[in-house]
Amino acid sequence: MTLEVDVAARFTATGTDPFVIDVAFSVEEGESLVILGPSGSGKTLVLETIAGFHLSKGAIRNGDRDLTDLPSEKRDFGFVFQDYALFPHMTVRENVAFGARYHEETRDPETVLAELGVANLADRTPPTLSGGEAQRVALARSLAIGPEVFLLDEPLSALDVPTRQALRDDVADLLADVTAVYVTHNRTTARAIADRIAIMRDGELVQRGTPETIFERPASPFVARFTGANCLPLDALGEFGRELREREGDEEATHVALRPEYVELEPEESDLETTVQRCTREDATNRLVLSLPAAATEPTASSESSEPIGARSTDGGQRSEDDRDLTLEVFSDRVPESGAEIGVSFPREHLTLLDDSDEYDDPAGETE
Amino acid sequence: MSTGSPAAGSTGADTGPVAGSTGRLGRGSAVLAFVLVQVIVFALAYSAGRTGLYVFFALGSAATVGYLSHRGWFAVAAASLGAILLIAVGLPIAMFVARQQPSLVIEKALSTEVHRMLYLSIYGPLLAALFTVVFGTPLAYLLSEGFPGDTLIESLVDLPLVVPHSVAGLLILFGFGGGGAFPSVFVLGTMIGLVLAMAFVSAPFAVNVIREAFETIDAQMEYAARVHGANRFETFRRVTFPLSARSVVTGGVLAWARSVSEFGAVAIVAYNVQFFYPPAGEQITGQHAPVFIFNAYTAGSLAESSAVGFILLVVSVLIFLLIRWLAYGENDTSASAMP
């Protein structure tokens, strides 16, 4: 059965502007859709709206069942919360058995707990559990009622890194052939778990596709930056930028995106000369931050006329974005000294030219 | 608006500054030693006829404890200033207890009249507390969820806090007395009138405490119950209510305590109350304790009224401790266990 969601909802809180979510997507049977977006983009609200916790307009269907007007308890979802939401006044066993009396077919709490490797916790109470244990129990509680669709709200983000990685593998196995909507701001988790990813920004889905499409071919500078790609303004690349525009025949393009792992260091023929700004050791590799050459970063005539330099430097947010625009992130086994000059080249097959207008037309999103 | 619960206040007291500095010795024994020293010094000062000296000792010991626990002028200042308020509250109680005539207290404690008064003054407030909790809990739940116009209802709930209590008595008479909403109901001098007057003045305490408890429950806890199949009632019964049960008890205790001490509204609605007294097996007429004590006082005997007052004080404290022990005793899972 395919979960089809087309909802809009408006959220008001005193002292802030109303926040609107407006999304439409579908999830095939057995598919895991990850909604990936920054904090405050409305991901959790989307999930909660699907679960029926908030009033909304539109329609939610699961196969031929129309869930739109059903209360939460009749929608047959499993929901895993970021902060576990275990009932503190019940034991782990009672938590897992919570839904048993409301469902005809439920699974034995002990069995589900054993599957998740936490059978030994059955008599404990939630406040005595670690984060990883609590989330496994929360997963067990959802599994026990045998839901048709799982909704997972950043279930790993409250955990420390080793626990997160271990649980992520288990969650990936668990979601391998169940229908799920998984919400996260963590791109690594998204890539590990998703069959398909939808990028969310300000209450709307701005790009949808397979993990490969999203990560390799971002549709906008926002998606490129959020998925960890280098996103450089073509104007800042001087001659190289002009050459890219001409070669692709895309005069509207404003940015070029390239994932850090594809940048080649010290090739035979460099596209750009850069300066090593910082080198950070990260797990198995080094992350280099390279400054683009001063000549290339001089503002072009057009940007100078529209935005005086003084105006930019007074705006903190704008400025940091600029700083980031003018650096290049690269993964490398080498450890060059700070300040060293280093040539880089951009493999053409991995480059994506982008237009920075925020409007994103998503004709292919549903079919991918 | 102050609806701070005495229950919460007294819990705070036994983990106060003294405890902080003497963790290894055991907090309980340190607190007990401190209280014992205070009682002994007070007793010595009182028997020497120089109770005023004790005030300086109490201030000094508060400042010392403040210094020992946090080693700074701020803690000393806070402890000393706080102690002034504690003395203003605690000294009258200590003096009141110390100045009782034991023979008179015993005489009063054995008197039938006082037994009847005590029965009425515990039972009446109990009914009022039950009334406010049973009907106040659903209201508190709705207020915690929020609805259009909820601020208006909250104001109405809080209104009795600012209405002078004698006026509250008049309101009950106008609302439910002769010519009121229910002609068949008699409130003047009846148990119903007594309970309504008490409920009127104590409802805000119960409703606000229970509402705040509901509000502190993470919405996700209720979402979790709903999505796993529980409807709204089941969610309330199995999750929301158990997680706020303590506060419901606290709200009830507050309402009960407020009702026990109510004078103004009761004096107007039910100065003399007709009620069924089980030991006598019949309807009798008696007075609610504050009215009874006021009566004895205006009749000219400070000693007699204070002896009755002392008995009421002891009984109230015992009941308060009993309820606290029952509600918060050994098992410590709900409030502190909230994630």
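Letters A, B, ... mirror the listed sequences (proteins, then strands); counts begin at 1.
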### Query
By a 4.5 Å heavy-atom criterion (distance strictly below it), what part of A/Arg101 contacts chain B: side chain, backbone, both, or neither?
side chain
### Message
Using heavy-atom distances under 4.5 Å, tell me whether A/Ser142 contacts chain B through its side chain, its backbone, both, or neither.
### Response
both
## Note on the structure
B/Pro138 meets the side-chain contact (heavy atoms from CB on, under 4.5 Å) criterion, sequence neighbours left out, with none
### Task
Applying side-chain contact (heavy atoms from CB on, under 4.5 Å), name anything that partners B/Ala168, two or more places apart in sequence or on another chain.
B/Val163, B/Phe200, B/Val201, B/Ala265
### Message
Contact between A/Glu73 and B/Val227 at the side-chain level, heavy atoms closer than 4.5 Å - yes or no?
### Response
no
Atom [atom1] of residue position [X] - does it have more than 12 heavy atoms of other residues, nucleotides or ligands inside 6.0 Å?
{"X": "B/Leu318", "atom1": "CG", "result": "yes"}
{"X": "B/Tyr123", "atom1": "OH", "result": "no"}
{"X": "B/Phe147", "atom1": "CZ", "result": "yes"}

### Task
Answer with side chain, backbone, both or neither: which region of B/Ala219 has an atom nearer than 4.5 Å to a non-hydrogen atom of chain A?
neither
### Query
So, for B/Leu243 and A/His89, which heavy atoms are closest and what is the spacing to 0.1 Å?
CD2-ND1, 3.4 Å
### Task
Please report the shortest heavy-atom distance between B/Ala224 and A/Ala85, naming the atom on each side.
CB-O, 3.7 Å
#### Entry: Any residue of residues 228-239 of chain B which, by heavy atoms, sits under 4.5 Å from chain A
B/His228, B/Gly229, B/Ala230, B/Asn231, B/Arg232, B/Glu234, B/Arg237, B/Arg238, B/Val239
### Task
Go through the structure and list residues passing ring-ring contact (aromatic ring centres under 6.0 Å, His included) with A/Phe79, not counting sequence neighbours.
A/Phe53, A/Phe81
### Query
If you round to the nearest 0.5 Å, how far is OH of B/Tyr223 from NE2 of A/His54?
4.0 Å
### Message
Test side-chain contact (heavy atoms from CB on, under 4.5 Å) on A/Glu48 and B/Gln220; report intermediate values, then the result.
### Response
CA-CA 10 Å; A/Glu48 291 180 351; B/Gln220 295 205 330; 3.9 Å; yes
